[in-house]
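Report on the following structure.
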Amino acid sequence: MPVHNHEIAERFTRLANLLEIEGENPYRVRAYRNAARTIGGLSANIADLVSEEQDLTRYPGIGKDLAAKIRTLVRSGELPDLTETEERVPTELSDLMVIEGLGPKGVRALYKKLNVDSLEDLEEAARAGRIHEVERFGEKTEKAILEEIEKIRSGGKKRTRLADAEEVARPLVAYLAEAEGVEAIEVAGSFRRRKETVGDLDILASCGDSGPVMERFVTHEDVTEVVSRGSTRSTVRLSSGMDVDLRAIHGRSYGAALHYFTGSQAHNIAVRQRGLERGYKVNEYGIFAHDRDEEPVAGATEEEVYGRVDLPWIPPELREDRGEIQAAEKGALPRLVTRKALRGDLHAHTNATDGADSLRDMARAAAEAGHEYLAITDHSKRVSMAHGLDADRLRRQGEEIDRLNEELNGITLLKGSEVDILEDGRLDLPDDVLAGLDVTVCSIHYRFNLPRDKQTDRIIRAMDNPHFRILGHPSGRAINEREPFELDMERLVEAAAERHCALEVNAQPARLDLRDMDCMLARERGAKLVLSTDAHNTYNLGLLGYAVDQARRGWAEAGDVINTRGLEDLRALLRRG
DNA sequence: GCCGTTTTCGGCCCGACTGTTTTCAGTCG
């Protein structure tokens, strides 16, 4: 029986794929896809909402019909529409849709003509040269299909972590900016929305003549393949495996193009819909009054574009069609937290445990980063792999911190610990030791696989300890490596709010944990956030911006984040009432 | 199948590029 949101989303995506292959009404297909997207991006657990008999139609894209189907699916484990559809078309056809260049029409044709209904069949047919004999298929397509299958078999096609994408994007943009005629250039797409992972990079350049920049792009030394090439758009594959799109546009269209290519797609559709309601056609070249398509009425800046549909400019991090348009309409957009608003970092390690640098070096680097305070939170003893500190070593570290604080100017070191939450919910250090600390970051490093209720109870029991201040990397996920552990995030967030415990947004590129949607949930339920680096060396202190990104995607304002406070306010907050 | 400061019916975003074609369908973002 499917319990997880992503399993429910997967069923609806499969249903959408199969119906599309059958040639069903495309709007009905889209409705299923939209529902899958909504469900996949939901913080609350759908199965819980169903058992609590909550109204599912309050979620976008879910109407009476779909709400009933979801209830049936959760209760019986079956989606009758999917079962019926699978009696008519092989369910594996849905898997073929992941092949790039192969859409519903192509899958249908190959099934009808060659009886291809699995990845294995497809590979065999391609190798035997039977694909290019089918109408509208040629030798190139056949070859591309084989290459795609190869890629899937070798496990490729993962999305790239934001920080990894950044490493590729920054130098590439600098390189392209030197092309003749480039007036402005920036990365759009999910990168600009600061999503935790990006599929490919969308770079937008404004210029008069696109020739030079396109030429410079496709001849970059890291390019292994030019996937497509045109005067306004080209796509290349880099040696890192990432795909990059470059779009060239005239300056008068720059804002419209930036808006268009920043997305998300769902946000764009909503904005364009508003355009239509006001008699405008919105595309990447500008906003056009209907019936006349010569000159755009707006388009040089994003502000103009939003202005024409009667909205204020919306920050890219919010453009996910998660209510930002309604909020903008009411003038109720959040004033998102910024990197500059942060006064310090509340999670850092030293070479006393698994960090690389000394207390003194960490302090100096934090001062250079402009921090007012830095909490030293080395591991507790349970994390033996990292030489976790016992009570005695922690006490000695505290004395060293006292000495350094006497000596340092402009930065205060806070005494802390990243205390392990043990399996039974106790903390890994005695209460009298914890009582002597300024801050505790309480985290799980062992037993990730407890059942959902047990894991949730474990953390909440730990929060009952009055020395519990901050829940470190709450979901435990590692992007592209480890799924978050099973948690009732709603119950957890509510428990944190009641007990005045803060939730960490960990800036480590592989963590970014809390996730954006959980930040949103925390904000809704009144739980405070902390944006921290979990630095293991001095350079890591510079990662803080990644935590800011995720918090912004979760609509967080400075007031939702405790490390926007000055030291005295912060100390008061950490006392937990 | 969803959705509604024009609507409970009749709409539903829009353009570029490719491959396979001689004018365009399919796919993608």
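Letters go in sequence order (proteins before strands), and every chain restarts at 1. Because the structure is predicted, anything quoted here is derived from the model rather than measured. Values reported hereafter were calculated over all heavy atoms of this structure, with side chains retained and with hydrogens, waters and symmetry mates removed.
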Just checking [X]: base, sugar-phosphate only, or nothing, at a heavy-atom cut-off of under 4.0 Å?
X: A:Pro26; answer: nothing
X: A:Val29; answer: nothing
X: A:Lys69; answer: sugar-phosphate
X: A:Ser190; answer: nothing
X: A:Glu139; answer: sugar-phosphate
X: A:Gly106; answer: sugar-phosphate

Review point. How do A:Glu135 and A:Ala67 order along DNA chain B: which one's closest nucleotide is nearer the 5' end?
Key: A:Ala67
Study note, to complete from the structure: Comparing A:Tyr285 with A:Phe137, nearest DNA chain B nucleotide closer to 5' gives the residue A:Tyr285
Interatomic distance at [atom1], [N] relative to [M], whole Å:
N: B:dG10; M: B:dC17; atom1: P; answer: 38 Å
N: B:dC2; M: B:dT8; atom1: C1'; answer: 12 Å
N: B:dG11; M: B:dT7; atom1: P; answer: 14 Å
N: B:dT22; M: B:dC28; atom1: C1'; answer: 24 Å
N: B:dG26; M: B:dT20; atom1: P; answer: 14 Å

Taking only Lys NZ, Arg NE, NH1 and NH2, and the carboxylate oxygens of Asp or Glu, determine whether [X] and [Y] approach each other closer than 4.0 Å.
X: A:Glu320; Y: A:Arg193; result: yes
X: A:Lys143; Y: A:Glu147; result: yes
X: A:Arg88; Y: A:Glu22; result: yes
X: A:Glu78; Y: A:Arg11; result: no

Would you say [N] has OP1 or OP2 under 4.0 Å from some side-chain N or O of [X]?
X: A:Lys281; N: B:dG15; result: yes
X: A:Thr141; N: B:dT20; result: yes
X: A:Tyr27; N: B:dC9; result: no

In whole Å, I'd like the distance from the [atom1] atom of [X] to the [atom2] atom of [N].
X: A:Leu15; N: B:dG1; atom1: CG; atom2: C1'; result: 11 Å
X: A:Met214; N: B:dA16; atom1: CE; atom2: P; result: 12 Å
X: A:Asn25; N: B:dC3; atom1: CG; atom2: P; result: 15 Å
X: A:Arg229; N: B:dG19; atom1: CZ; atom2: C1'; result: 19 Å
X: A:Glu142; N: B:dT18; atom1: CD; atom2: C1'; result: 17 Å
X: A:Ile269; N: B:dG29; atom1: CD1; atom2: P; result: 14 Å
X: A:Asn283; N: B:dG29; atom1: CG; atom2: C1'; result: 14 Å
X: A:Leu102; N: B:dA25; atom1: CG; atom2: P; result: 19 Å

Could you pull out all donor-acceptor pairs under 3.5 Å where a side-chain atom in residues 200-207 of chain A meets a protein atom, sequence neighbours excluded?
unit_1   : atom_1 : unit_2   : atom_2 : d
A:Asp202 : OD1    : A:Arg247 : NH2    : 3.3
A:Ser206 : OG     : A:Glu183 : OE1    : 3.2

Exercise for review: Searching all strands shown, indicate the nucleotide that pairs with B:dC12 (Watson-Crick or G-U wobble; both distances under 3.5 Å).
Suggested key: B:dG1
By nearest atom, which of the nucleotides [options] is closest to the [X] side chain?
X: A:Arg30; options: B:dG29, B:dC12, B:dG1; value: B:dC12
X: A:Lys140; options: B:dC17, B:dC12, B:dT20; value: B:dT20
X: A:Arg136; options: B:dG29, B:dC24, B:dG1; value: B:dC24

Exercise for review: On the 0 to 90° scale, with breaks at 30° and 60°, tag the A:Tyr306-A:His259 ring pair as parallel, tilted or perpendicular.
Suggested key: perpendicular
**Study point:** A:Arg216 to A:Tyr175 six-membered ring, cation-pi geometry met (6.0 Å, 45°)
**Key:** yes
